[in-house]
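Structure, as structure tokens:
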Amino acid sequence: MSRRIAIAGGGLGGLTLARVLHRHGIDAVVYEREASRSARQQGGSLDLHPESGQQALADAGLAGRFRSEARPEGEEHRIVDPAGRTLVHHVPQPGSFSGRPEIDRGVLRDLLLDSLPRDMVVWDRRLVAATPRPAGGWDLTFQGGHRTSCELLVGADGARSVVRSLLTDVPLSYVATLVELTIEDVDRRHPALAELVGPGNLWCVGVNQILAAQRLGDGSLRVGISLRAAERPIDTYRSKRALLDIFAGWDPRLTALIEAGDSAPRPRLIEAMPIGTRWASRPGVTLIGDAAHLMPPVGEGANQAMLDGAELASRLAANPADSESAVRAYEEGMFSRIHPIAEMSTRIQAMMLSPTAAEDIVRFFTPKPAEPSTAG
């Protein structure tokens, strides 16, 4: 059966799109490559911004559920130097949702999934090809041979998007190496590390390298090591010993975050699309989230993906008889919105892995003095 709208990818952007479409009574289906919602761990904690991620959830009618699951205390962050000296310590207003409260990525994804009819998400469907139909729309082929068709195809399929190739062949570039570890049940097993990190985030900033940790709602810590891209073969970073050598001379209280990891380190190369990427609108297909504007991971990706989904759904709902015009309007708005955010994300990424990162980050997080009043 041909579906009006097919969404390739059941991440936060694709699910937000599906939810807002569902609220407007618009037929859509999400095709997700994972075998089930519990097929893999969904990653760390996200801070949802009022003007983007939280706005998208409001459009989805899920603001109340978000508040019941979010952790305002998770907004606390501390930045230290390699000797463990505190450079910045931000403590949010207790219980306040006015800032950027944290929520575990998996919890947020479940919240969105639970808001959809069960048959709106089809699992174990990895899109491998989309072929234009003579009368418009697309024939879709999935790994394993499954086939279907749709009138509008939305690529919400992430960094290595298959749908993106229908619109642009823009190259990706490596911007950093990220190595992750997990520490389970940290309060009981590693109380000193639990105290070090606190309820939110800890960043330990050195020269061209950062050792970070964040508290998750399940009582675990997610440790992330950010390094310049491709300085060594990626497999080098699968060894705790190699990582400890990279951080030799740092305060042992900080490097204990590496030693306490419960599994082997998980390295991956971080990629980004060129700033200002655009494409000529094509009937029957568009992109949201990382498929549309892959940026360095400095806090905007999930927020902008969710806002993309909400805005595309709202455009389609407002102009149901002319989806081409709705998509063009969405794309123009998205291109304009994303350009300065991509520029800022690139600047922050470069700053965080620079030789002068500590001073630069302190300056970035230090409130600027108010301009003197000229009224009188």
Side-chain angles (χ1 to χ4, degrees), residues 12 40-49 53-54 66 69-82 84 86-92 94 97 99-110 176-206 209-227 237 243 247 250-251 253-263 265-268 270 295-303 345 348-349 352-353 357-358 361 364-365:
L12 299 177
R40 70 172 180 90
Q41 218 274 341
Q42 289 299 308
S45 183
L46 301 167
D47 60 327
L48 280 207
H49 305 178
Q54 290 187 52
F66 165 70
E69 298 283 1
R71 294 178 287 109
E73 71 279 5
E75 199 180 339
E76 180 172 340
H77 64 256
R78 195 150 67 95
I79 303 172
V80 303
D81 67 11
T86 298
L87 305 174
V88 173
H89 188 188
H90 168 70
V91 180
F97 284 86
R100 299 175 169 184
E102 296 272 336
I103 186 169
D104 289 9
R105 186 181 285 266
V107 172
L108 181 55
R109 190 194 196 202
D110 282 345
T177 299
L178 177 64
V179 188
E180 295 179 308
L181 304 101
T182 302
I183 305 172
E184 305 287 351
D185 194 10
V186 67
D187 293 296
R188 184 180 65 82
R189 296 173 57 226
H190 302 281
L193 293 180
E195 185 176 355
L196 176 72
V197 175
N201 290 267
L202 172 74
W203 295 354
C204 318
V205 183
Q209 59 196 60
I210 290 180
L211 171 60
Q214 64 174 189
R215 166 80 66 145
L216 272 64
D218 63 2
S220 67
L221 288 183
R222 192 171 185 86
V223 178
I225 295 164
S226 297
L227 306 163
Y237 305 116
L243 295 176
F247 291 93
W250 285 40
D251 189 316
R253 292 176 302 163
L254 305 178
T255 55
L257 288 164
I258 298 172
E259 293 173 332
D262 287 318
S263 58
R266 304 179 298 277
R268 57 191 171 98
I270 301 298
M295 295 179 281
V298 296
E300 287 289 352
N303 281 282
S345 297
I348 293 174
Q349 176 72 37
M352 290 172 72
L353 294 179
I361 290 173
F364 183 83
F365 279 102

remark   = For Val88, the side chain to side chain contact (heavy atoms under 4.5 Å, CB included) test, sequence neighbours excluded, returns His77, Ile79, Val362, Phe365
query = Taking C-beta and beyond as the side chain, do Pro296 and Ile348 meet within less than 4.5 Å on heavy atoms?
reply = no
task = Check whether any side-chain heavy atom of Ile270 lies under 4.5 Å from a side-chain heavy atom of Pro297, and answer yes or no.
result = yes
task = Would you check if the side chain of Arg78 reaches a backbone N or O of Leu196 as a donor-acceptor pair within less than 3.5 Å?
result = yes
Sidechain-backbone polar pair: Asp47 side chain, Arg100 backbone, donor-acceptor under 3.5 Å = no
message = Checking Pro267 now: which residues fulfil side chain to side chain contact (heavy atoms under 4.5 Å, CB included) with it, not counting sequence neighbours?
response = Val179, Ile234, Tyr237, Arg238
inquiry  = Tell me which one of Leu211, Leu254, Val205 satisfies side-chain contact (heavy atoms from CB on, under 4.5 Å) with Val80.
reply    = Leu254
ask   = Would a 4.5 Å heavy-atom cut-off, applied to side chains only, mark Asp110 and Glu69 as touching?
value = no
query = Do Leu108 and Leu48 pass the side chain to side chain contact (heavy atoms under 4.5 Å, CB included) test, and can you show the C-alpha distance, the side-chain angles, and the key distance before you say yes or no?
reply = CA-CA 10 Å; Leu108 181 55; Leu48 280 207; 4.1 Å; yes
ask   = Which atoms form the tightest heavy-atom contact between Arg71 and Ser45, and what is the distance?
value = NH2-OG, 3.1 Å
task = Compare every heavy atom of Pro265 with every heavy atom of Leu181, then report the nearest pair and how far apart it is.
result = CD2-CG, 3.9 Å
ask   = Is a donor on one side and an acceptor on the other found under 3.5 Å between the side chain of Asp251 and the backbone of Arg253?
value = yes
key: Closest contact, heavy atoms only, Asn303 versus Gly53   = OD1-N, 3.2 Å
inquiry  = Looking at every heavy atom in both Gly217 and Asp104, which two are closest together, and how far apart are they?
reply    = N-OD2, 2.9 Å
ask   = Excluding sequence neighbours, so at least two apart, what forms side-chain hydrogen bond (donor to acceptor under 3.5 Å, both in side chains) with Glu300?
value = Gln304
Side chain Glu76, main chain Gly198, donor-acceptor under 3.5 Å = no
message = What's the separation between atom CH2 in Trp203 and atom CG in Asp81, rounded to the nearest 0.5 Å?
response = 15.5 Å
Val197 side chain reached by Gln214 side chain, heavy atoms, under 4.5 Å = no
ask   = Sequence neighbours excluded, which residues qualify as side-chain hydrogen bond (donor to acceptor under 3.5 Å, both in side chains) partners of Glu180?
value = Arg222
key: Considering all heavy atoms, the nearest Ala176-Gln349 contact   = CB-NE2, 3.3 Å
request  = Output the distance between atom CD1 (Ile183) and atom CG (Leu193), rounded to the nearest 0.5 Å.
outcome  = 5.5 Å
remark   = Correct closest heavy-atom pair for Glu102 and Asn201 would be OE2-ND2, 3.5 Å
ask   = Sequence neighbours excluded, which residues qualify as side-chain hydrogen bond (donor to acceptor under 3.5 Å, both in side chains) partners of Thr255?
value = none
Using distance only, find each side-chain donor-acceptor pair of residues 256-263 under 3.5 Å and give its atom names and separation, not counting sequence neighbours.
{"unit_1": "Asp262", "atom_1": "OD1", "unit_2": "Arg189", "atom_2": "NH1", "d": "3.3"}
{"unit_1": "Asp262", "atom_1": "OD1", "unit_2": "Arg189", "atom_2": "NH2", "d": "2.8"}
{"unit_1": "Asp262", "atom_1": "OD2", "unit_2": "Glu184", "atom_2": "N", "d": "2.6"}
{"unit_1": "Asp262", "atom_1": "OD2", "unit_2": "Arg189", "atom_2": "NH1", "d": "3.0"}
{"unit_1": "Ser263", "atom_1": "OG", "unit_2": "Arg266", "atom_2": "NH1", "d": "3.4"}

